[in-house]
Amino acid sequence: MALTAMAMVIPAPDADACTRVVYIGDDGYAITGRNLDWKEDIATNLYVYPQGIVRAGYDVADSTITWTSRYGSVIAVGYDMGTTEGMNEQGLCANLLYLPGTTYSRPNDKRVLMSSSVWVNYVLDNFATTAEAVEQLKKDVFRIDAPQMPGGSSTTLHLAISDRHGYSAIIEYLDGNLSIHEGYEYQVLTNAPPYDQQLAVAKYWQEVGGMNMLPGTNRSYDRFARASFYINAIPKNASHEMAIAGVFGVIFNCAVPVGISTPDQPEISSTRWRTVADQKKLVYYYGTTLNPSIMWVDLNDFLLTPGSPIMKLDIMNAKKLYGGNVKKDMHRSQGFAPLYRYK
């Protein structure tokens, strides 16, 4: 009876897609994991960027902001055009997830532009903690420009930030207005609806209790409920290796099998790749659905001081499957060209 009532009061979500979780252990360190789900393979390369990189938020100088990176980072770049997520040398993670219905602009908007393709870079380049990032983002000095991706879908997104101690923030633009949820409790993010509505559903499932029953579909609400229960079922005193394995287990549990796709809702689709960011040891694990092996980038292996080279793992054009530490497979690069306007 309670379940029937719940179905009546909670509208069906318009979209289901990626899942992001944050585990916080008794040692005070965090591990962030995520799945990326999409209608097609978002061909992705990995980059390591050093400090001292000069960037711009948009390709019109007087309509954007510029900055020089304070921190080096490892990033995942979709279509070699835009950063979808990453982790910097301070253990700060930023993950973009699809949020249909996002509206970045408001009437007579005078804020400068920030392309969604470098939004993650802005956060990773400039901030060591979530609190630092939120303090700056609250000033609301820019609005996100959402160019269409290859395939025609707009980059309507919300941003999750988590620092090495598990302090999180969820950043959304609703009707052109900035919305921020900030705190250790915001460990899980999926997709539609906006985050405050996701939290309402999570509260219901907390009362049901995950040992009694958990929803099993790939819908955003259901993945949120499962991820919320399982990420907190991992023992807080687990060894570091067990905690990493536990986070992998949670995101595998929330993955969508190959073959599921809804043409007019590209985010209701198969899991394409997954990541786990070890924010204590600064190791970034990455695996694709079509590769049974997990590869990783250890930021401790790279020179990140200004003037050090940008390094790239070209997965899009690889002639072999990568696995293990991929430092030896990375080569110097000029970096990716951000997507400002898709033509």
Distance-only side-chain donor-acceptor flag, [X] / [Y], under 3.5 Å:
X: S162; Y: S168; value: no
X: E172; Y: T102; value: no
X: S115; Y: D145; value: no
X: W273; Y: T289; value: no

Residues in side-chain hydrogen bond (donor to acceptor under 3.5 Å, both in side chains) contact with S63, at least two apart in sequence or another chain: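 Scan of S63 (side-chain hydrogen bond (donor to acceptor under 3.5 Å, both in side chains), adjacent residues dropped) gives none.
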
Any donor-acceptor N/O pair, [X] side chain to [Y] backbone, under 3.5 Å:
X: Q279; Y: D163; answer: yes
X: T84; Y: A76; answer: yes
X: E132; Y: A128; answer: yes
X: S308; Y: T305; answer: yes
X: H181; Y: A169; answer: no
X: T103; Y: L174; answer: no
X: S73; Y: N88; answer: no
X: N177; Y: Y173; answer: no
X: S228; Y: F224; answer: yes

Are [Y] and [X] connected into the same hydrophobic cluster when the rule is that any two of I, L, V, M, F, W, Y join if their side-chain heavy atoms are below 4.5 Å apart?
X: L36; Y: M81; result: yes
X: M87; Y: M295; result: yes
X: Y47; Y: L303; result: no
X: V22; Y: L96; result: no

Ring geometry between Y284 and Y286 (parallel below 30°, tilted from 30 to 60°, perpendicular above 60°):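 The arrangement is parallel - the two ring planes meet at less than 30°.
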
Is there side-chain contact between [X] and [Y], with heavy atoms separated by less than 4.5 Å?
X: L159; Y: V123; result: yes
X: I75; Y: L124; result: yes
X: I144; Y: W119; result: yes
X: T32; Y: V276; result: no

Qualifying side-chain hydrogen bond (donor to acceptor under 3.5 Å, both in side chains) pairs with a residue from residues 317-328, counting only residues at least two apart or across chains: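 side-chain hydrogen bond (donor to acceptor under 3.5 Å, both in side chains) check on residues 317-328 returns D301-N325, D314-N317, K320-D329.
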
Distance flag, aromatic centroids of Y58 and F142, threshold under 6.0 Å: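 They do not qualify: ring centres at least 6.0 Å apart.
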
Residue pair T288, N291: steps toward the side-chain contact (heavy atoms from CB on, under 4.5 Å) verdict: CA-CA 5 Å; T288 70; N291 183 356; 3.2 Å; yes

Within 6.0 Å of CD1 in I65, more than 12 heavy atoms from elsewhere: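 More than 12 heavy atoms, drawn from other residues, nucleotides or ligands, come within 6.0 Å of this atom.
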
M242 atom CE: more than 12 heavy-atom contacts under 6.0 Å: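 Check fails, neighbour count at 12 or below.
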
The single option from N45, I310, N121 passing side-chain contact (heavy atoms from CB on, under 4.5 Å) against F336: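 With F336 as partner, N45, I310, N121 yield a single side-chain contact (heavy atoms from CB on, under 4.5 Å), made by N121.
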
Shared-cluster residues of L321, by chain and number - hydrophobic side chains joined below 4.5 Å: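 None, because no other hydrophobic side chain comes under 4.5 Å of this residue.
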
Partners passing salt bridge (charged side-chain N to carboxylate O under 4.0 Å, His left out) against R111 (at least two apart in sequence or in another chain):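 Once residues adjacent in sequence are excluded, the partners of R111 under the salt bridge (charged side-chain N to carboxylate O under 4.0 Å, His left out) criterion are D109, D140.
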
Single hit among R55, R70, Q51 for side-chain hydrogen bond (donor to acceptor under 3.5 Å, both in side chains) with D125: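 The option that passes is R55.
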
Electrostatic pair D27:K236 at N-O distance under 4.0 angstrom: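 Here D27 does not pair with K236 in a salt bridge, since their nearest N and O are not under 4.0 Å apart.
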
Step-by-step side-chain hydrogen bond (donor to acceptor under 3.5 Å, both in side chains) determination, S105 to R143: CA-CA 7 Å; S105 300; R143 64 180 171 90; 3.0 Å; yes

Minimal non-hydrogen separation, T68 against N126, with atom names: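 Scanning both residues, the minimum pair turns out to be O-OD1, 4.3 Å.
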
Minimum heavy-atom distance A227-C254, with the two atoms named: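 Closest pair (atom of A227, atom of C254, distance): CB-SG, 3.8 Å.
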
Salt bridge (charged side-chain N to carboxylate O under 4.0 Å, His left out) contacts in which one or both residues fall within residues 174-190, not counting sequence neighbours: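 Passing the test, one end in residues 174-190: K138-E182.
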
Qualifying salt bridge (charged side-chain N to carboxylate O under 4.0 Å, His left out) pairs, either residue in residues 79-104, two or more places apart: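 Output for this query lists R34-E85, D80-K312.
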
Residues V134, T129; criterion side-chain contact (heavy atoms from CB on, under 4.5 Å); working and verdict: CA-CA 9 Å; V134 168; T129 67; over 6 Å; no

Worked verdict on V247 versus I231 for side-chain contact (heavy atoms from CB on, under 4.5 Å): CA-CA 7 Å; V247 175; I231 199 63; 4.2 Å; yes

Verdict with reasoning, Y71 to F127, per ring-ring contact (aromatic ring centres under 6.0 Å, His included): CA-CA 8 Å; Y71 304 111; F127 308 112; 8.5 Å; no

Chi angles and distances behind the side-chain hydrogen bond (donor to acceptor under 3.5 Å, both in side chains) call for N35, T19: CA-CA 5 Å; N35 289 327; T19 305; 4.9 Å; no

Check against side-chain contact (heavy atoms from CB on, under 4.5 Å), Y29 and K281: CA-CA 10 Å; Y29 286 95; K281 296 188 176 181; over 6 Å; no

